[in-house]
Amino acid sequence: DAEITQSPRHKITETGRQVTLACHQTWNHNNMFWYRQDLGHGLRLIHYSYGVQDTNKGEVSDGYSVSRSNTEDLPLTLESAASSQTSVYFCASSTDGTYRTFFGQGTRLTVV
Amino acid sequence: QKEVEQNSGPLSVPEGAIASLNCTYSDRGSQSFFWYRQYSGKSPELIMSIYSNGDKEDGRFTAQLNKASQYVSLLIRDSQPSDSATYLCAGSDSGGGADGLTFGKGTHLIIQP
């Protein structure tokens, strides 16, 4: 079955370190997204991509970057991790047209 | 600033009854709306999508959309304990959803056996 997978599922890192979260989907969806979910804020969009070589900033993009070298992958990089970036991160992808969006299992990131 | 508003709950409903979840949105240009179910510690799971005014039914779920009132709702018939979860309402921008979705903070639903 087609799916979207994230790795790692859990990560603890230190303040100031660079961290990359992986996302891989096998649906061949053009649209991919990264969200973070925090208590009191709900899901907020970090970055999104319409396709290969395309990336766009979302609502809370400061301190994050993404790259899209192929259809399947959209890695999220935290350039210099901060405690405020402790969160649960969800990768998602959506179909063209209907934009039904499907989520990966999530990555719980703790910055100490 | 686009906003999607939901009552955080908890909403407590007896088993077998109808659970009614509501959502309002601020962006009149929003085209597409979605309901997700999220169990504690899990990822959001898409349960309904709706794009035009009126009702859309899928099994025990009915989504309702009123664009004039900027209102979306989800009805769950014959509620089961397994329906206990947080329900997230999400709306697109005028492009339909390619730019991502705006989510409400969710309504915590409890089905009482």
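Chain identifiers are assigned alphabetically (A, B, ...) following the order of the sequence lines, protein sequences preceding nucleic acid strands; residue numbering begins at 1 within each chain. Bear in mind that the values here come from a model prediction, so they are computed numbers and not experimental data.
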Please give me the minimum heavy-atom distance between A:A81 and A:E14, naming the atom from each residue. CB-O, 4.0 Å
Looking at every heavy atom in both B:S20 and B:L11, which two are closest together, and how far apart are they? O-CD2, 3.4 Å
Does any heavy atom of chain A fall under 4.5 Å from the side chain of B:L101, the backbone, both, or neither of them? both
Just by modelled atom types, is the B:K42 backbone N or O under 3.5 Å from a matching donor or acceptor in the B:Q38 side chain? yes
Non-hydrogen atoms of chain B under 4.5 Å away: do they reach the side chain of A:L45, the backbone, both or neither? side chain
A:T98 versus chain B, heavy atoms under 4.5 Å apart: side chain, backbone, both or neither? both
Looking only at heavy atoms and a cut-off of under 4.5 Å, which of A:Q37, A:R108, A:M32, A:Q105 has the most pairs with chain B? A:Q37
Report the relative orientation of the aromatic rings in A:F90 and A:F103; use parallel for angles under 30°, tilted for 30 to 60°, perpendicular for over 60°. perpendicular
